[in-house]
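Beneath this line is the structure, given in structure tokens, with notes to follow.
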2 protein chains.
Amino acid sequence: MTGKPLDEDEFMPLFEAARWAPSSYNNQPWRFLYATREDDHWNAYLDFLSAENKTWAKRAAVLVVILSKTTVDYNGEPSRTHSFDTGAAWQNLALEGARRRLVVHGIGGFDYERAAATLSIPAVYTIEAMAAIGIRGPAKSLPADLQEREEPSDRKSLDDIVNQGAFDSVSEEGDE
Amino acid sequence: MTGKPLDEDEFMPLFEAARWAPSSYNNQPWRFLYATREDDHWNAYLDFLSAENKTWAKRAAVLVVILSKTTVDYNGEPSRTHSFDTGAAWQNLALEGARRRLVVHGIGGFDYERAAATLSIPAVYTIEAMAAIGIRGPAKSLPADLQEREEPSDRKSLDDIVNQGAFDSVSEEGDE
């Protein structure tokens with residue numbers, strides 16, 4: 001990413017797309033905290049990240065912490081689908097970013113506990129992931145080992161993930 | 001939905017869209033089991049559903065059980081993001097269905113335990129949700145109480161779900 005800031009009207013539509021995801025009982029458990037590189041919180045957000053993720057994410061325009069509420073609004077009971085539903089909202093955010101030619105990169109390598117404490121996240125919410133949003137920069141601005149990874153990643157085949165009927169014929173590849 | 005069957009080439013692209021979701025370490029924990037209304041498994045899938053969901057889902061063309069693998073392929077450790085990642089794949093599936101003018105309806109009201117037993121789902125996988133895919137039928141084919149719900153549902157405002165910086169100013173509406 002280039003390190004160039006984004007205006008609010010360039011990144012808020014990504015949250016708007018996330019907002020419309022479907023969820024069980026329309027409970028909408030997703031919440032998003034963010035910092036732009038001009039915010040007081042920027043360095044704190046950046047410091048949640050692992051050293052490796054910092055090397056590239058420091059040139060993002062926006063860092064996001066994705067939360068979900070673990071209980072159902074209308075009855076306070078534990079929600080079975082809060083993470084799954086929030087994953088749907090996250091995919092909408094990422095797709096809207098891609099549609100706008102932005103880089104949107106999900107991040108799992110960060111200190112969940114420190115983020116929860118620093119951002120005063122109540123116990124009824126859980127952190128699902130972080131994400132970095134920015135403008136695509138030249139691959140050569142990355143460390144050499146990350147430059148090599150700047151190509152599309154493959155996916156499992158449909159046969160590995162889809163099966164008609166019961167589970168027994170789904171591929172068990174990788175189950176060791 | 002109309003009860004009209006779908007050909008494989010009409011619904012397999014939805015799984016193809018799901019296949020390309022992003023996931024932590026590209027672990028792709030999503031798995032999909034399905035039955036079409038012409039399959040031996042159709043009645044079993046339908047019988048997982050709550051009585052209310054049966055009233056409309058019986059006219060779907062495809063019923064899907066969405067699973068996620070709870071461990072990471074490469075090291076066998078528990079995955080923190082399996083549900084979240086699978087939610088992303090589910091959103092892709094639903095969006096591809098919408099793009100094709102199909103109805104794709106997520107379902108949480110079903111017997112998770114019975115589905116796991118009937119479909120021989122190994123313990124390392126968990127059931128996230130079900131979904132019904134079909135061709136939109138007239139609202140008047142639904143029971144009266146469901147006809148009334150055939151309108152777009154609202155969503156929380158951006159102010160309710162997005163906050164700059166720490167958590168403290170995110171709306172706590174509905175937290176009681």
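Convention: sequence-line order gives letters A, B, ...; per-chain numbering from 1. Because only heavy atoms are used, hydrogens play no part in the values below, and waters and symmetry mates are left out as well, while side chains stay in.
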task = Please confirm whether R80(A) makes a cation-pi placement over Y112(B), using NZ or CZ under 6.0 Å from the six-membered ring centre and within 45° of the ring normal.
result =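 So R80(A) does make the cation-pi contact.
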
Is it the case that the side chains of [Y] and [X] hold a donor-acceptor pair, with the cut-off being a distance below 3.5 Å and no angle test?
X	Y	value
N27(A)	S24(A)	no
N53(A)	S50(A)	yes
Q28(A)	S23(A)	no
T86(A)	E128(A)	no

With only heavy atoms counted, which part of [X] is less than 4.5 Å from chain A, the side chain, the backbone, both or neither?
X	value
L63(B)	neither
N26(B)	side chain
Y25(B)	neither

Would you mind telling me which of [options] has the largest number of heavy-atom pairs within less than 4.5 Å of chain A?
options	result
A35(B), S83(B), G108(B), G165(B)	G165(B)
R155(B), H82(B), R19(B), M12(B)	R155(B)
V64(B), D39(B), T36(B)	D39(B)

query = Checking heavy atoms, do the side chain of I107(A), its backbone, both or neither come under 4.5 Å from chain B?
reply =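 Neither part, no heavy atoms under 4.5 Å.
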
Contact class of T81(A) relative to chain B, heavy atoms under 4.5 angstrom =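 When you check distances to chain B, only side chain atoms of T81(A) fall under 4.5 Å.
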
Which residues share a ring-ring contact (aromatic ring centres under 6.0 Å, His included) with W56(A), sequence neighbours left out =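 Only H105(A) meet the ring-ring contact (aromatic ring centres under 6.0 Å, His included) criterion with W56(A).
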
query = Taking the six-membered ring for Trp, is the centroid-to-centroid distance between F84(B) and F84(A) below 6.0 Å?
reply =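 Ring-ring flag for F84(B)/F84(A): false, centres at least 6.0 Å apart.
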
message = Check for me whether the distance between the ring centres of Y34(B) and Y45(B) falls short of 6.0 Å.
response =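 No, the ring of Y34(B) stays outside the 6.0 Å limit from the ring of Y45(B), centre to centre.
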
ask   = How would you list, in number order, the residues of residues 88-103 of chain B that have a heavy atom less than 4.5 Å from chain A?
value =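 Listed by number, the contacting residues are A88(B), W90(B), Q91(B), N92(B), L95(B).
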
query = What residues form a salt bridge (Lys or Arg N to Asp or Glu O under 4.0 Å) with E10(A), not counting sequence neighbours?
reply =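 E10(A) satisfies salt bridge (Lys or Arg N to Asp or Glu O under 4.0 Å) with no residue once adjacent residues are dropped.
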
key: Pairs touching residues 113-124 of chain A that satisfy side chain to side chain donor-acceptor pair (under 3.5 Å), sequence neighbours left out   =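 Qualifying pairs: none.
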
